[in-house]
Amino acid sequence: MTPSEYGSRRMLSPRVNGHKVLLGVGKPGGISYILIQLKFDIQSDRRIAQGRSCAWSDYSRKKMDYEAVIGLETHVQLSTKTKIFCSCSTTFGAEPNANTCPVCLGMPGVLPVLNLEVLNRAIKVGLAVGGKIAEWTKFDRKNYFYPDLPKGYQISQYDLPIVSGGGLDIFADNAHKTIGLTRIHMEEDAGKLVHGENMGDPSSSYVDLNRTGVPLLEIVSEPDIRSSEEARRYMDKLKTILQYLEVSDCNMEEGSLRCDANISIRPVGQKEFGTRAEIKNVNSFRFLQRAIDFEIRRQTELLNEGGTVVQETRLYDEKNDRTVSMRSKEEAHDYRYFPDPDLAPMVIGKDWVERIRATLPELPDEKAKRFMAEYELPEYDALVLCSTRATADYFEQAARGAKSPKIISNWVMGEVLRVVKETGAAPADLPVTPAMLSKMVGMIDSGAISGKIAKTVFEEMAQSGLDPEKIVEQKGLTQITDTSSIEGEVDKILAANPSQVADYKAGKDKLIGFFVGQVMRATRGKASPDMVNQILKEKLK
Amino acid sequence: MNDICSWTIHELVAAMEKGQVTSKEAVEAYLGRIAKVGPKLNAYITVDEEGARKAAVEADKRRAAGEATPLLGAPLAIKDLLATEGLRTTCGSKILDNFVPPYDSFAVARLKQAGAVILGKTNMDEFAMGSSNETSHYGPARNPWNTSKIPGGSSGGSAVAVAADLCAGALGSDTGGSIRQPASLCGIVGLKPTYGRVSRFGLVAFASSLDQIGPMTKDIRDAAILTSVISGHDPMDSTCSSEPLGDYLSGLEDGVEGMVVGVPDEYFIEGMDPEVEQKVREAINILEQKGATVRRISLPHTKYAVPTYYVIAPAEASSNLARYDGVKYGYRDMEAEGLSSMYCSTRNKGFGSEVKRRIMLGTYALSAGYYDAYYLKALKARTLIKRDFQEAFKDVSVIVAPTAPAAAFGLGERVDDPLKMYLSDIFTISANLAGIPGVSVPCGFTTGGEPVGLQILGSYFQEASTLRVARAVEREIGITTVKPRVDN
């Protein structure tokens with residue numbers, strides 16, 4: 001039997017007699033999709049709010065002689081077309097259980113087959129962060145029961161991750177700092193539970209296994225992070241790199257980037273770590289910062305009151321901006337890891353790694369350094385521009401061969417990013433192309449338009465997508481550089497404001513601004529501000 | 001036409017080729033016989049009368065149209081551990097009593113492609129955990145030579161179906177002897193191929209690193225035919241080998257002249273049935289008479305095989321069986337309220353006691369703090385057992401030994417003594433741990449009239465020479481034509 005014959009193997013819906021267990025495994029247009037239904041609500045089973053839920057009290061910062069020690073575990077969904085161990089689609093937002101097959105449903109007798117693209121992308125990320133790529137690696141089973149985990153185990157990596165070490169350079173509190181990475185490993189995502197309130201039966205929980213088997217990288221940092229600000233910068237940087245590599249959508253709303261934080265505090269100067277709490281369920285960068293801040297305050301308060309921090313897993317409750325206890329160390333799972341006998345160990349050859357290295361794009365740090373050298377940009381500009389590959393590419397296309405790259409940088413960081421933010425469009429899709437921006441800045445340089453007029457021109461380009469020269473021509477926005485016509489306007493203004501002229505001559509130098517403003521208004525901004533200044537000063541001597 | 005049922009696959013296919021019989025007639029003969037003697041032997045869990053009749057008509061049409069695939073029209077039985085599309089697959093367990101897979105296992109798909117007709121799904125120990133067929137949720141299959149005795153396990157139903165002429169041939173699976181031991185106890189041929197020779201896709205996992213599908217047949221030639229059909233690379237199983245297929249048929253009759261046959265001291269132990277030892281020794285003498293050099297060898301780590309197996313197999317099983325949680329398919333205790341209650345109650349009521357015992361053993365062996373002492377140590381022992389064989393095969397072409405230490409024992413005799421039960425597989429387990437092929441071929445009867453099997457172990461992917469030695473024994477001893485009397 002050939003692989004293609006296997007691929008086309010017909011999938012029937014399993015008959016499960018006499019049960020309310022319903023499951024659609026057909027394809028669109030066939031069976032209607034039904035969620036697997038559990039006849040009770042799992043949420044009420046969970047012990048989220050039990051134990052030491054700690055309300056925020058007004059704690060004074062005076063006693064704060066502790067420092068925080070933070071490590072982050074980030075889960076990144078890779079944007080491969082198909083899942084990690086089967087050929088189901090990874091598309092987000094499909095009908096419940098539409099993107100499933102016997103393999104990701106964990107049916108009896110089926111076997112996982114690794115999607116090599118996942119391995120390639122893991123290696124790519126490993127190389128980008130300067131990690132060591134394992135020469136020999138394997139998959140392990142992490143065993144636990146939960147309805148969103150159809151096999152009763154998650155295929156993950158335990159003691160031989162694909163990447164060890166590496167680090168990220170962050171810029172926080174006006175300084176550079178390297179946050180070390182412990183490891184990066186590959187694993188499969190679990191499914192999703194939907195609870196009754198949004199579904200037919202409010203007392204039931206439902207299982208949607210579309211997400212089951214979507215490839216994940218778990219990226220574990222060293223406990224090098226000291227503040228919520230650093231945590232935020234670390235996540236920003238990680239996201240930037242992943243987007244540069246085009247390995248993930250990094251969409252937090254769709255859950256393609258998720259983060260758990262391990263937080264402890266210790267007296268400043270102490271080397272040993274304090275007892276840590278692990279914070280789960282943080283689904284935005286903002287909440288990450290808040291959860292860390294809350295947790296630092298909670299632990300500090302606890303210690304200052306003579307208490308001790310308990311090692312536990314806590315959930316971030318975004319509604320009340322606090323963390324609550326989920327389970328203690330004693331209740332922690334024993335995952336009984338062991339090598340997955342269904343997947344052969346992998347030997348990663350050096351030539352394979354080198355082939356992937358050759359596909360690496362220029363990374364944000366290198367790019368920023370190059371921008372500073374090549375375009376003589378300040379570090380701040382370079383970092384802002386390089387925070388996304390799209391913005392950096394936009395800038396570079398506009399700046400290449402331009403006379404004043406710094407002016408272009410200003411426009412990109414200001415107007416271009418504003419429009420990107422307002423419209424949600426990618427920089428490359430804006431009506432204002434880099435070439436148009438470059439041309440417009442060239443017109444400022446040559447004195448054809450003023451900076452002020454340029455704002456109008458940019459706005460018009462953003463609306464209509466017309467060439468800046470055409471806009472200037474059509475709207476008659478060309479700068480007036482003809483001395484005699486400016487002199488005429490200046491004379492009129494001076495004649496109309498005799499008392500101000502007298503005051504100026506009596507020493508009120510600041511009135512020069514008033515006169516310039518009047519002239520510019522009279523010329524509707526088209527007069528060259530430099531020339532207006534010069535002529536005014538001469539006439540007022 | 002009841003005679004048809006006793007034919008081997010190659011005899012039946014040849015007769016169909018000559019137009020002496022149709023697949024439809026063969027299927028009707030088998031269905032009639034299953035209805036008649038089936039209840040007494042309990043070989044099948046599910047008989048697919050409708051599907052079999054349809055497939056037979058289809059096969060006859062294909063033959064009329066000039067097709068001649070190797071199994072065209074041959075009625076076969078499948079161990080109920082192999083997934084069959086649209087046909088209930090229970091694994092001998094209550095927890096999958098209602099499970100109908102939407103896919104065929106690779107081996108079954110291959111059989112169908114080669115024209116085979118699937119008669120039904122055979123009885124087995126629950127999830128292949130057992131050596132007597134007594135852990136089946138559907139009651140034990142019975143040994144056709146003596147219905148008060150066990151047929152062996154776990155592929156007991158397949159062995160009984162072949163021995164009692166309730167199918168032309170069958171597939172079984174072997175994790176620690178589950179093909180070879182029942183084959184030996186029921187007087188048929190059973191081959192466990194090299195690990196990775198046959199895709200495990202669709203074989204419901206017991207212990208993934210040990211499980212292997214293989215043929216259970218009336219003679220060696222049939223075993224060679226089925227092995228050729230079901231072997232080969234499958235991209236759906238990452239542990240399936242891409243090693244080229246062997247030619248299992250052309251050298252089958254070449255004999256053992258010049259071969260070196262190893263006889264390991266560790267496989268003739270105190271406590272084994274002296275009659276079994278005698279029959280096995282006789283078979284070895286025959287090999288020597290036919291020109292083989294017989295050499296005493298040692299496999300020094302054999303004594304660790306059973307304990308090693310009973311750490312590794314349950315450990316993998318404890319994880320493999322976690323998916324039967326009542327959430328997605330199969331049995332769920334509908335009375336249970338709340339998640340953990342549903343899990344516990346579903347699994348408590350859905351699994352039998354032997355399965356639960358092994359899940360507990362395996363969970364323990366993998367637990368934090370015990371992993372190194374049990375699982376890791378067992379992996380090391382496994383490596384040593386493997387090395388024993390690698391060393392031995394430097395000097396010998398095959399290794400011969402008894403398949404089981406005794407002939408079939410009485411139903412109920414060992415159900416309360418798991419340790420004694422586990423020792424039934426003492427001679428078969430090592431081949432699974434090492435991953436090498438092994439075949440059991442009948443070599444005589446005890447004075448009580450129970451069959452005895454000779455086991456021939458070969459080196460990796462040496463199924464062809466293993467079968468050739470087995471064929472030499474079969475040709476000389478020739479008891480595969482002796483049939484149990486089950487008709488009255």
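In what follows, chains are A, B, ... by sequence order, proteins preceding strands, each numbered from 1. Predicted model only: the values in this text are computed from it and were never measured. Just the heavy atoms: all of them, side chains too, but no hydrogens, waters or symmetry mates, feed the values below.
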*Output, in order, the C-alpha distance, side-chain angles, deciding distance and verdict of side chain to side chain contact (heavy atoms under 4.5 Å, CB included) for A:Leu111 and B:Arg200.*
CA-CA 8 Å; A:Leu111 296 167; B:Arg200 292 185 297 114; 3.9 Å; yes

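- Of the atoms belonging to A:Tyr337, it is backbone heavy atoms, and not side-chain ones, that fall under 4.5 Å from chain B.
- Contacts with chain A were tallied for B:Asn320, B:Leu82, B:Asp325; B:Asn320 has the most, counting heavy-atom pairs under 4.5 Å.
- Within 6.0 Å of OH in A:Tyr158 there are 12 or fewer heavy atoms belonging to other residues, nucleotides or ligands.
- Across all non-hydrogen atoms, the minimal contact from B:Tyr195 to A:Pro341 is OH-O, 4.2 Å.
- Judged by distance alone, with hydrogens and angles left aside, the side-chain atoms of B:Lys328 form no donor-acceptor pair with the main-chain N or O of A:Leu105 at under 3.5 Å.
- Open room surrounds NZ on B:Lys386; 12 or fewer heavy atoms of other groups in view lie less than 6.0 Å from it.
- Contact annotation for B:Leu379: neither backbone nor side-chain heavy atoms come within less than 4.5 Å of a heavy atom of chain A.
- Looking at A:Asp334, the atoms closer than 4.5 Å to chain B (heavy atoms on both sides) all sit in the side chain, from C-beta outward.
- Around NZ of B:Lys377, the count of heavy atoms belonging to other residues, nucleotides or ligands within 6.0 Å does not exceed 12.
- Listed here is the closest heavy atom pair of B:Ser238 and A:Asp342: CB-O, 3.6 Å.
- Looking at A:Phe338, both its backbone and its side chain come within 4.5 Å of chain B, counting heavy atoms on both sides.
- No side-chain donor-acceptor contact under 3.5 Å links B:Tyr371 and A:Arg336.
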*Apply side chain to side chain contact (heavy atoms under 4.5 Å, CB included) to B:Leu339 and A:Tyr146, showing your working.*
CA-CA 9 Å; B:Leu339 183 61; A:Tyr146 209 59; 3.9 Å; yes

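- Surrounding NZ of B:Lys356 are more than 12 heavy atoms belonging to other residues, nucleotides or ligands, all under 6.0 Å away.
- Residue B:Tyr370 does not touch chain A at all, counting heavy-atom pairs closer than 4.5 Å.
- Within the 4.5 Å cutoff, no side-chain heavy atoms of B:Arg323 are placed close to those of A:Phe145.
- Looking at heavy atoms from C-beta onward, B:Tyr329 lies in side-chain contact with A:Pro108 at the 4.5 angstrom threshold.
- Interface remark: B:Ala207 contributes no atoms to any contact with chain A (heavy atom separation under 4.5 Å).
- The main-chain N or O of B:Ser319 is never found under 3.5 Å from a side-chain atom of A:Arg141 such that the two would form a donor-acceptor pair.
- More than 12 heavy atoms of other residues, nucleotides or ligands shown are found within 6.0 angstrom of CD on B:Glu67.
- There is no contact between B:Thr89 and chain A, counting heavy-atom distances below 4.5 Å.
- Interface summary for chain A: among B:Ala205, B:Ser367, B:Ser209, the most heavy-atom pairs under 4.5 angstrom belong to B:Ser367.
- For A:Glu117, the salt bridge (Lys or Arg N to Asp or Glu O under 4.0 Å) partners at least two apart in sequence or on another chain are A:Arg121.
- Counting non-hydrogen atoms of neighbouring residues, nucleotides and ligands closer than 6.0 angstrom, the OH atom of B:Tyr374 reaches no more than 12 such neighbours.
- Within a 6.0 Å sphere centred on CZ of A:Arg183, other residues, nucleotides and ligands contribute more than 12 heavy atoms.
- Note: B:Leu366 leads B:Asp237, B:Leu210, B:Leu366 in heavy-atom pairs under 4.5 Å with chain A.
- Here CE of B:Met236 is found 9.0 Å from SG of A:Cys86. Values are rounded to the nearest 0.5 Å.
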